[in-house]
Each structure stands twice: as structure tokens, then as C-alpha cells.
Participant: 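Quick one: structure below, then a few questions.
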Amino acid sequence: MGEASESLNFIEHIIEEDLKNGYSKEDLRFRFPPEPNGYLHIGHASSICLNFGLGLRYNAPVNLRFDDTNPAKEEQEYVDAIKKDVEWLGFQWDTERYASDYFQQLYDWAVDLIKNGKAYVDSQSSEDMASQKGTPTQPGIDSPYRNRSVEENLALFQEMKDGKHEAGAHVLRAKINMSSSNMLMRDPIMYRVLHKAHHRTNTDWCIYPMYDWTHGESDYIEQVSHSLCTLEFAMHRELYDWFLDQVIDKSKLRPKQREFARRNLSHTVVSKRKLLQLVESGVVNGWDDPRMPTISGLRRRGYTPNSIKNFADTIGIAKRENLIDVSLLEFHAREDLNKTAPRVMGVLNPLKLVITNYPEDKEEWLDIENNPEDESAGSRQIPLSREIYIEQEDFKEEANRKFFRLKLGGEVRLKSGYIIKAESCTKDTDGNIIEVQCTYDPKSKSGSGTEESLRKVKGTLHWVSCKHAIEAEVRLYDRLFTNESPDSQKDKDFMEFINPNSLEVITAFVEPSLQESSPGDRFQFQRMGYFCVDSDSSGEKLVFNKTVGLRDTWAKIQQK
RNA sequence: UGGCCUAUGGUGUAAUUGGCAACACUACUGGUUUUGGUCCAGUCAUUCUAGGUUCGAGUCCUAGUAGGCCAACCA
């Protein structure tokens, strides 16, 4: 596949530069390193596309590595969900790894560090250690335990490992520099005691390594060439390199960490912690609620893997702050679905329409194309009878010239059917229109080739035959937050911006062919938008999620 | 008061490394259309500011300004 444009992002420039300076292409290796403490979201999708995209571009292996060093938060459920999401996006990892695979190696290296006087056991409370840490503008002070003997450190660390100490009693710290301008270099913790079962190693360990000690060494073990992470880890790079220096064998490849800005999406939050909060507070119905910006939520909403990958490619990768408008994500959904989603008829807000000159007992099946964008999609038949449903907003008693739809005395075409003319309408006692009476021109049948069928009328309506229609639940979604950047408002919690109307459930009428649909199927409801069969759907009761509406020029005209 | 990072249309990303600021989205104009969809054509920028180097600066230099990040036994 030739890229239309050959513009490179800054990460690719770095790799190209490395290649130019003697790096062998065979040495390139990447990794996607999620922590299994939540579901993946659209921001992760961007990172997945970056890392796996690099793998594809350079024909290099990409590992899926679970950063599972904190059994207090991590669960197998998340591991499974993450694997499913990456696979669904269409990527294949080289090997499945776990940081926990390296616990023994990490431990052995830690012992080496102690022997080399590069690490020590600190036996203070976390409060005491925090108070000694200093501030960004003031240096910290040394721990009273900083100069313990190697023998004592070794013995204590062994006891920690053997479970002889309570959580919090001791930690292993790297001995670096308590007055570094980088707070992370002020003797960072490498290990803490934690009497918690781990989802993979169970109770084998009661000390667990910290992120900084684990991540770079894991990259080194896997011989990852370029370790890409988000900007908030930029300050960690110095420590990443320091830890690497302690164990590196010069004959092996030295991984390098580079940082990119996380992608923020408007009108939502992209943070596992905040998404968890939405789930636990019941604002949404789970991680895969179609309103969630999680990969599983987008999948259930009806997004395709392609739409998400194209989105990620389009927004690219850089180092500056950003807030990507959700309309760009929606564009990619439409773009992909337009080419692939079969068109069907579905009336969301039904208004009954009677064709008074259409025989009472007559019904006919009309040919209709499945997708005008895809000839090979073929056609199907839909039933017409004397009584049909049209969309409420498609009829007005009177309207100006800009209204192309049905009005009294006006004509309109029923999609793939006949031209009808509105003669009269019926209202209830409140003045609401409850029925429209029309006549049709029997010679105007679509595709019949008659002079009448070739007549141009301005409007075309979608419709379904009353007696053939099937009822379906349709879930309409709106943005989850009313603010475009809910979590960056000063003095306001993001929960204050929740849109109370983000979900609307209605009963619609859809064409009978949809009876055969199954969960995950995606359709375009003609003139309305893209819809996806929900996992709650069954033969008894069809349930559709609205993925995204069609572009609506008419709505814009009305606004003026 | 310290350190690190970043500034290009309303939004996101480019710019052959000093040579006509490009692509996509959004918005707005028109055209086509049996989806007010799709498709097609067009419009929308003092590259944060001020100086400097240069025939030539988004790119290099100097000084500012603005924003983000950094003190969890989280990752």
C-alpha cells in the first residue's frame, strides 16, 4: 500500500535518523504496554496504531506487554478485554508478555544493585520519606538508612521477599541523588512489600517492583528498540536511562524512551481513572456503554476498526497539547460506513400515511438497491401497502419553498416507490397531526421507465409499510459531556458537566428484512444515520444503537 | 524562586531540514443527486511577541510571553 503522502511524524524521523546512523532495520522492535487495570480507550487506540503501525511500516515485531506490577489494581478480566480490543482493531502482536514474567530477573538485578552500593533498604514511613524528598526548588535530605551496610541491606531485602515484613515496613530504594533537580532521581523506590495475590504469579511474591524499575528493564529484556510513551513520562527518562546503565550489557541493544502527547477528544474524558468513575457511579452502564470513548464502547456503538485506525492516522502524533474535535471521529465513522453499510428503511418517529387510491388489499414488493456506493451489494425487495409510516418531521401542512418534503398539495417520492401527493391530514384534539391522506400516481413507479416515473420531484422520503413493519428499540446517543473539555475546567469537577440527555430510547418501525439481523450488524437507516444492532438485541426484540447521524444540511438551514 | 517540554487557520497534523505555508476535519458558497447522504468545485493564516543573521526565516540566534508536566510504597 503506498501512502499518498510521505510526511513523517517526529517518531518516524527519529527512527529514520537511527537507521541512517547505523541502526539495523532488523533491530527495530516495539511494544504496546498497557496496565491491566481498566479498559482501553480511544487514546490507547492512538498508541496502538502508533506502535503497531511502526511495526507494519518497518516490518518489525511488536510485543503486547502487560505492565502488571501492581496486584492491588490489576485483574485478569482487563487482560482479556485488552487482548480482545487489540485483536479487534486488526493488529497482531509478536509475543504476549507480562512484566511479571521478569520478576525473578528484576529481583536478581536488584540484588546486584545492592551489592554495588546502588540500592538500599529504607525502613521509614512513607510520610517521613516524603518530607525528606524536598520540593522542586529545594533539595531533599538523605534517609538515615541510606548508608546501611551491604550485608544488612541484603538480609533485609531477602526478608522482605520471604514475607517476613508487613506492607509498608520497608522499601528498596535506588541510591542516586537526593538533591537532583529531577524529583524522580531523589532515591526512587524500586520495591515495596505487598501481601496481595497477583493475577499471574499468585502469592509467589510479596514484594513488587515499581514502574520505573520495571519498565525500562522489561524493554531491555525484550530488546525493544524504541519505547514510546506519553509526555508525562518525559521526566522519567533520566531514571529509565540510569536503571538501564546499571544492568546493560554493551553488546546488546539499548532501548530508548521517547515521549509523545496524549490525544484528548472533545466532549469526553480520556483517563482510565475517570472512566472507571463513570462506570462505578452508574452514569453509564459499563465499560462498553456506547457512550464511552472506550474501544469496547465504540465497537458496541457501531464504529468499525477501520474508522478508528483512519482517525488515529489522521490526527497523527506530536508533542503539543491538543483537543481533537469529536466531529473528526464521527467523520471517519461516516466515511467508512458509507462505503460498507447496507441501506435500509427505518422510521424513528412514525406518522401514519394512508394512500387513499391504493387498493385496500393490495401489497407489492419493490426493488431497492442495498448500497448505491457499492454496486456489488445488490438489491432486495421491500413491501408497500396502502398504509405506511413516514417520519413526523417529513410532513407539514404548509411550508416555504425550501422545505423539500411533503406538504398539503405537494408531491414527494417514496424512495424506490411512487410519487405521492398530500391531500389532507387528520389531527387529534390537541391539534397534533396523527394521519396524512395522500394519493399516488400508479404510473410513477421507480424503475418502471415510464414518463411519469422519470418526473423529477424535489423530495424523496423513506417509509415502511405499516402492516409489514417491525418494532424495534432504538437508542439515540448524545455527547456524554456538555463541555468540550470537561476535565480541564478550573475549580470544577468533570462530573458536573455530564449531559443528562446523553441517552434517549425510542421505539421505531423498521423494514421486515431486519428481522434477520444479528448483533454487531451495521446499517444505514436511509436519510437518518448509521445504526448498529446491539448485543441486547434478539429475535424477540430488535435493539439498535445509533452510531452517528448522516450529515444534516437541512438541520443547518432550519437553524438560520 | 528550580527543572523538563511545547507554541503553525476554529480543530488536528505537515512543510524536501534556510527556498511559493500543504493535507484532513469543521464552517460557509455553488453544482450533481430517487438519501437535504455520497460525490465534485470553491472560500477561510501577519506561522505566540520583539529584535537579529541572511538575497531569502515557520525553520537559525537573542530576549520575552503563554500553556503543559514534575514532590503516589500508581502506571
Participant: Test for a donor-acceptor pair under 3.5 Å between the base of B:rG68 and the side chain of A:R320, counting only N and O atoms.
Facilitator: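 It does not, because no donor-acceptor pair links the side chain of A:R320 to the base of B:rG68 below 3.5 Å.
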Participant: Decide, applying a 5.5 Å centre-distance limit and a 30° plane-angle limit (both strict), whether A:W554 stacks on B:rG36.
Facilitator: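 The ring of A:W554 is stacked on B:rG36.
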Participant: Hunt down the Watson-Crick or G-U wobble partner of B:rA71, both distances under 3.5 Å, from any strand shown, or write none.
Facilitator: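 Base-paired to nothing in any strand shown.
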Participant: So, OP1 or OP2 of B:rU6: does either fall under 4.0 Å of a side-chain N or O from A:K319?
Facilitator: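 Affirmative; the distance criterion is met.
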Participant: Please state the P separation for the pair B:rA14 and B:rU53 - nearest whole angstrom.
Facilitator: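 Here B:rA14 and B:rU53 have their P atoms 31 Å from each other.
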Participant: Going by an N to O cut-off under 4.0 Å, is there a salt bridge joining A:R65 and A:E222?
Facilitator: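 So A:R65 pairs with A:E222 through a salt bridge.
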Participant: Please give the nucleotide sitting opposite B:rC60 as a Watson-Crick or G-U wobble pair, both distances under 3.5 Å, or none.
Facilitator: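 Answer to the pairing question: B:rG52, which forms a Watson-Crick or G-U pair with B:rC60.
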Participant: Would you please confirm or rule out a distance under 4.0 Å between OP1 or OP2 of B:rA75 and any side-chain N or O of A:R192?
Facilitator: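 True: A:R192 side-chain N/O within range (under 4.0 Å) of B:rA75 OP1/OP2.
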Participant: Under 4.0 Å between a side-chain nitrogen and a carboxylate oxygen: does that hold for A:K445 and A:E364?
Facilitator: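 The answer is yes: the pair qualifies as a salt bridge.
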Participant: By centroid distance (under 5.5 Å) and plane angle (under 30°), are A:F404 and B:rG36 in a stacked arrangement?
Facilitator: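 Taking the rule of under 5.5 Å and under 30°, the ring of A:F404 does stack on B:rG36.
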Participant: Strictly below 4.0 Å: does A:R551 bring a side-chain N or O up to OP1 or OP2 of B:rG36?
Facilitator: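 Result: no.
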Participant: Look at the side chain of A:N322 and decide which nucleotide, out of B:rC70, B:rG12, B:rC74, has an atom nearest to it.
Facilitator: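 When the side chain of A:N322 is considered, B:rG12 is the closest of B:rC70, B:rG12, B:rC74.
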Participant: With both distances under 3.5 Å as the test, what is the Watson-Crick or G-U wobble partner of B:rU16?
Facilitator: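 None - no nucleotide pairs with B:rU16, as no candidate has both distances under 3.5 Å.
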Participant: Nearest to the side chain of A:I324, heavy atoms from C-beta on, is which of B:rG12, B:rA75, B:rG37?
Facilitator: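 From the listed options, B:rG12 comes nearest.
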Participant: Any N or O donor-acceptor pair under 3.5 Å from the base of B:rG37 to the side chain of A:E373?
Facilitator: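 Yes, a donor-acceptor pair under 3.5 Å.
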Participant: Among B:rG37, B:rU34, B:rA75, which is the nearest nucleotide to the side chain of A:E35?
Facilitator: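 Looking only at side-chain atoms, A:E35 lies closest to B:rA75.
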Participant: Salt bridge between A:E17 and A:K20, side-chain N to carboxylate O under 4.0 Å?
Facilitator: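 Judged by the 4.0 Å cut-off on N to carboxylate O distance, A:E17 and A:K20 do form a salt bridge.
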Participant: Would you mind telling me which of B:rU35, B:rA75, B:rA14 lies closest to the side-chain atoms of A:M210?
Facilitator: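 In terms of side-chain proximity for A:M210, the closest of B:rU35, B:rA75, B:rA14 is B:rA75.
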Participant: Below the 4.0 Å mark, does B:rG36 have OP1 or OP2 next to a side-chain nitrogen or oxygen of A:K556?
Facilitator: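 The answer is no; no side-chain N or O of A:K556 sits under 4.0 Å from OP1 or OP2.
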Participant: Using a strict threshold of under 4.0 Å (side-chain N to carboxylate O), is an ion pair present between A:R200 and A:D68?
Facilitator: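 Salt bridge absent between A:D68 and A:R200.
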Participant: Using a strict threshold of under 4.0 Å (side-chain N to carboxylate O), is an ion pair present between A:E35 and A:K73?
Facilitator: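 A salt bridge is absent here (no side-chain N lies under 4.0 Å from a carboxylate O).
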Participant: Record whether the side chain of A:H462 comes under 3.5 Å of the base of B:rU34 through a donor-acceptor pair of N or O atoms.
Facilitator: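 Check fails, no donor-acceptor contact within cut-off.
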Participant: Would you kindly compare A:H215 and A:F10 by the position of their nearest RNA chain B nucleotide and give the one closer to the 5′ end?
Facilitator: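 Its nearest nucleotide lies further toward 5', so the answer is A:F10.
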Participant: Any salt bridge linking A:E511 with A:R380? Criterion: basic side-chain nitrogen under 4.0 Å from a carboxylate oxygen.
Facilitator: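 Salt bridge between A:E511 and A:R380, a charged N being under 4.0 Å from a carboxylate O: yes.
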Participant: Any idea if B:rU17 is syn or anti, going by the 90°-from-0 cut?
Facilitator: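 It is syn.
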Participant: Whom does B:rA66 pair with, Watson-Crick or G-U wobble, provided both distances fall under 3.5 Å?
Facilitator: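 By the stated definition (distances under 3.5 Å), B:rU6 pairs with B:rA66.
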Participant: Quick one: look up who B:rU11 pairs with, Watson-Crick or G-U, both distances under 3.5 Å, and put none if it's unpaired.
Facilitator: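 For B:rU11, the partner nucleotide comes out as B:rA24, under the 3.5 Å rule.
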Participant: Counting only side-chain N and O atoms of A:K339, is one of them less than 4.0 Å from OP1 or OP2 of B:rU38?
Facilitator: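 Looking at the OP1 and OP2 atoms of B:rU38, neither is under 4.0 Å from any side-chain N or O of A:K339.
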Participant: For a quick check, tell me whether the side chain of A:Q138 and the base of B:rU1 share a donor-acceptor pair closer than 3.5 Å.
Facilitator: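 Side chain to base: no pair present.
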Participant: On RNA chain B, check which nucleotide each of A:N9 and A:T314 is closest to and give me the residue with the more 5' one.
Facilitator: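 Its nearest nucleotide being more 5', the pick is A:N9.
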Participant: From B:rA75, B:rC73, B:rC70, pick the nucleotide closest to the side chain of A:S126?
Facilitator: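 Side chain of A:S126 sits closest to B:rC73.
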